[in-house]
There are 2 protein chains.
Amino acid sequence: MTRKKAYHHGNLRQALIDAAFELIEERGVPALTLREVARRAGVSHAAPKRHFADRSALVAALAEHGFRGLAAHVESVRASRQPRDSAERLRALGVAYIEYAIAHPAHLRVMFSPEVADKTRYPELQRAADAVHDMLHGGIEKAQREGLVRRGDPNALAFAAWSMVHGCATLLIDGQARRTPVRTLIESAVRTLHDGLEPGAAVSAARTGRRAGR
Amino acid sequence: MTRKKAYHHGNLRQALIDAAFELIEERGVPALTLREVARRAGVSHAAPKRHFADRSALVAALAEHGFRGLAAHVESVRASRQPRDSAERLRALGVAYIEYAIAHPAHLRVMFSPEVADKTRYPELQRAADAVHDMLHGGIEKAQREGLVRRGDPNALAFAAWSMVHGCATLLIDGQARRTPVRTLIESAVRTLHDGLEPGAAVSAARTGRRAGR
DNA sequence: ACCTGAACACCGTTCAAGT
DNA sequence: ACCTGAACACCGTTCAAGT
């Protein structure tokens with residue numbers, strides 16, 4: 001209500017970010033334009049320059065926002081769902097990632113936009129992305145220590161887990177789901193990440209104990 | 001050598017596609033511009049209109065090219081590597097997908113560009129993408145029949161496999177590999193797709209027979 | 001310190017005109 | 001049938017000038 005006035009002389013930076021997300025959600029990433037964002041925030045087209053050096057800097061800020069939001073969502077799920085062991089906890093992390101992508105497709109698209117693929121130019125973005133990666137990495141190591149994830153290079157295992165979850169999320173928000181409910185697809189991806197495609201895994205998944213733990 | 005002359009009055013369409021891929025490889029997808037493509041092909045900026053209705057139509061043609069190239073690469077790998085059973089064949093398909101992405105990152109980016117996410121507007125693109133999907137779907141069903149992939153909705157299993165392979169490919173071409181050789185990461189993703197993260201799978205993977213096959 | 005307005009080079013798209 | 005050249009509205013970016 002009273003926001004519109006505060007924008008003009010206040011936190012223009014945040015106003016631009018809000019307007020940018022609205023724009024992406026309405027008309028897609030290709031429609032994201034500095035001039036349109038400025039227009040929606042009610043300032044001249046040159047005003048964003050004070051807050052974002054160029055278009056890439058705005059995209060980087062949006063991506064950073066996305067990574068922080070994802071980390072927060074993962075944390076909140078962890079707090080509310082109370083996973084019983086580290087394997088369930090890891091599974092919850094994957095589901096949270098996919099949920100976040102579906103709830104905020106604009107955020108995920110901008111987080112992995114080619115424009116900001118080189119994160120060395122944006123240290124804050126780098127840190128935000130690393131924080132999410134560290135959650136995954138830590139989750140893998142913890143589950144390994146408890147014998148709930150097989151042994152091996154944690155980096156390589158974390159990468160595999162990230163690939164599955166990220167691939168699932170991006171395919172779903174790009175509308176690649178076909179003839180099958182989204183819920184079923186998510187469950188299939190998360191279960192396959194744990195059990196694999198091979199038939200034997202179904203048996204081992206039904207076991208309560210472990211077999212080749214440390 | 002004699003190509004340049006042939007372009008001006010000949011297969012301009014193909015010349016534009018070639019120029020577009022060169023441009024994307026050199027300067028990335030955001031730099032893809034109809035005017036620059038026309039310039040490189042040596043024609044006026046309005047000439048592409050005869051072959052591509054608008055920018056999206058060009059991107060769709062590039063994406064279609066990408067899907068056909070991927071299908072061809074998968075076929076050639078299948079012919080040369082002679083997989084012994086349907087599980088190995090499925091694994092080879094995944095590796096081929098990732099190899100293709102790394103060899104032709106511009107193709108993969110354009111294949112999954114948000115601009116052409118809605119493939120209903122481009123039937124030829126739809127068909128090319130479906131052909132790749134059908135290969136995967138068929139591979140899953142065949143492996144199921146041989147008892148080398150667990151039972152369940154083939155669509156859901158194919159989606160999980162696609163998620164892993166596609167996620168791996170996109171993360172790698174976006175330079176998300178960290179501190180670990182690419183080869184190791186690919187092997188981890190492909191192995192995890194088959195075995196899962198859980199410890200029991202390592203044992204079952206070592207078995208020669210099946211256990212819960214049909 | 002923060003924002004404006006004019007300016008420049010670029011882009012997508014259209015369309016009458018050329019061959 | 002295929003391509004050109006001028007035109008229009010839009011964009012990113014820069015910069016002197018305003019408050």
Side-chain angles (χ1 to χ4, degrees), chain A residues 3-24 26-63 109-110 113-118 121-122, chain B residues 3-24 26-63 109-110 113-118 121-122:
Chain A
R3 279 232 193 97
K4 295 260 165 120
K5 305 233 166 165
Y7 278 172
H8 290 261
H9 291 286
N11 51 349
L12 176 57
R13 191 189 144 90
Q14 189 58 43
L16 293 168
I17 289 176
D18 293 346
F21 276 127
E22 271 180 30
L23 180 55
I24 296 178
E26 280 174 29
R27 290 162 47 198
V29 178
L32 179 67
T33 226
L34 276 177
R35 286 176 107 111
E36 177 65 21
V37 167
R39 220 172 281 133
R40 289 184 178 218
V43 293
S44 82
H45 67 265
K49 189 79 179 185
R50 300 289 139 187
H51 301 279
F52 305 105
D54 57 14
R55 192 183 184 280
S56 294
L58 171 61
V59 175
L62 298 177
R109 290 222 180 80
V110 98
S113 167
E115 287 171 273
V116 292
D118 177 16
R121 289 165 54 205
Y122 304 100
Chain B
R3 279 233 193 96
K4 296 258 164 123
K5 304 231 166 165
Y7 279 170
H8 290 261
H9 291 286
N11 50 349
L12 177 57
R13 190 189 146 90
Q14 189 58 42
L16 293 169
I17 288 176
D18 293 345
F21 276 127
E22 273 180 29
L23 180 56
I24 295 178
E26 281 174 29
R27 291 162 44 198
V29 178
L32 179 67
T33 226
L34 275 178
R35 287 176 106 110
E36 176 65 22
V37 166
R39 221 171 280 134
R40 289 185 177 218
V43 294
S44 82
H45 67 265
K49 189 79 180 184
R50 299 290 139 186
H51 301 278
F52 305 104
D54 56 15
R55 192 183 184 280
S56 294
L58 171 60
V59 175
L62 298 176
R109 290 222 181 79
V110 98
S113 167
E115 285 171 274
V116 292
D118 178 17
R121 289 165 56 206
Y122 303 101

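Just so we're on the same page: letters track the sequence lines, and every chain starts at 1. Every heavy atom of this structure was used, including side-chain atoms; hydrogens, water molecules and symmetry mates were not.
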Over all atoms of both residues, closest heavy-atom pair of [X] and [Y]:
{"X": "A/Phe21", "Y": "A/Val110", "answer": "CE2-CG1, 4.4 Å"}
{"X": "B/Ala41", "Y": "B/Leu12", "answer": "CB-CD1, 4.2 Å"}
{"X": "A/Pro48", "Y": "A/Ala38", "answer": "CG-CB, 3.9 Å"}

- [ ] Between A/Ala47 and B/Ser56, name the one whose nearest nucleotide on DNA chain C is closer to the 5' end.
- [x]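 The residue whose closest nucleotide sits nearer the 5' end is A/Ala47.
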- [ ] Could you check if a side-chain atom of B/Arg109 sits within less than 4.5 angstrom of a side-chain atom of B/Ile24, using non-hydrogen atoms only?
- [x] no
- [ ] Using a 4.5 Å cut-off on heavy atoms from C-beta on, say whether the side chain of A/His45 contacts that of A/Leu34.
- [x]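 No, every pair of side-chain atoms sits at 4.5 Å or beyond.
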Atom-pair distance ([atom1] on [X]; [atom2] on [N]), nearest Å:
{"X": "B/Leu32", "N": "C/dC10", "atom1": "CG", "atom2": "P", "answer": "17 Å"}
{"X": "B/Gln14", "N": "D/dC2", "atom1": "CD", "atom2": "C1'", "answer": "18 Å"}
{"X": "B/Arg13", "N": "D/dA1", "atom1": "CZ", "atom2": "C1'", "answer": "16 Å"}
{"X": "A/Arg40", "N": "D/dC11", "atom1": "CZ", "atom2": "P", "answer": "11 Å"}
{"X": "A/Leu12", "N": "C/dC2", "atom1": "CG", "atom2": "P", "answer": "10 Å"}
{"X": "B/Leu58", "N": "C/dC11", "atom1": "CG", "atom2": "P", "answer": "14 Å"}
{"X": "B/Glu115", "N": "C/dG12", "atom1": "CD", "atom2": "P", "answer": "10 Å"}
{"X": "B/Glu36", "N": "C/dC10", "atom1": "CD", "atom2": "P", "answer": "10 Å"}

TODO: Check every strand shown and say whether B/Arg39 touches a base, only sugar-phosphate, or nothing at a heavy-atom separation below 4.0 Å.
DONE: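 Contact class for B/Arg39: sugar-phosphate only.
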Task: Results of side-chain hydrogen bond (donor to acceptor under 3.5 Å, both in side chains) for B/Arg39 - residues two or more places apart only - done: B/Glu36
TODO: Go through the structure and list residues passing side-chain hydrogen bond (donor to acceptor under 3.5 Å, both in side chains) with A/Glu22, not counting sequence neighbours.
DONE: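 side-chain hydrogen bond (donor to acceptor under 3.5 Å, both in side chains) check on A/Glu22 returns nothing, list empty.
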Open item on the list: Let's see if you get this right: which residues in residues 48-55 of chain B place a heavy atom under 4.0 Å from DNA chain C?
Closed with: B/Lys49, B/Asp54, B/Arg55
TODO: Report yes if at least one side-chain N or O of A/Thr33 is closer than 4.0 Å to OP1 or OP2 of D/dG12; otherwise report no.
DONE: yes
Open item on the list: Just to be sure I understand: a Watson-Crick pair is purine N1 to pyrimidine N3 plus N6-O4 or O6-N4, both under 3.5 Å. Using that and G-U wobbles, which stems of three or more pairs involve DNA chain D?
Closed with: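 Stems for DNA chain D, defined as runs of 3 or more consecutive pairs: C:4-8 with D:12-16, C:12-16 with D:4-8.
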Please set out all donor-acceptor pairs under 3.5 angstrom arising from side-chain atoms of residues 50-58 of chain B, sequence neighbours excluded.
from: B/Asp54; atom 1: OD1; to: B/Ser56; atom 2: N; distance (Å): 3.3
from: B/Asp54; atom 1: OD1; to: B/Ala57; atom 2: N; distance (Å): 3.0
from: B/Arg55; atom 1: NE; to: B/Leu32; atom 2: O; distance (Å): 3.4
from: B/Arg55; atom 1: NH1; to: B/Glu115; atom 2: OE1; distance (Å): 3.0
from: B/Arg55; atom 1: NH1; to: B/Glu115; atom 2: OE2; distance (Å): 2.4
from: B/Arg55; atom 1: NH2; to: B/Leu32; atom 2: O; distance (Å): 2.7

Between protein and nucleotides 5-9 of chain C, what N or O pairs are separated by less than 3.5 Å?
from: C/dA6; atom 1: N6; to: A/His45; atom 2: NE2; distance (Å): 3.0

TODO: Calculate, to the nearest 0.5 Å, the distance between atoms CG and CG belonging to A/Leu16 and A/Leu23 respectively.
DONE: 11.5 Å
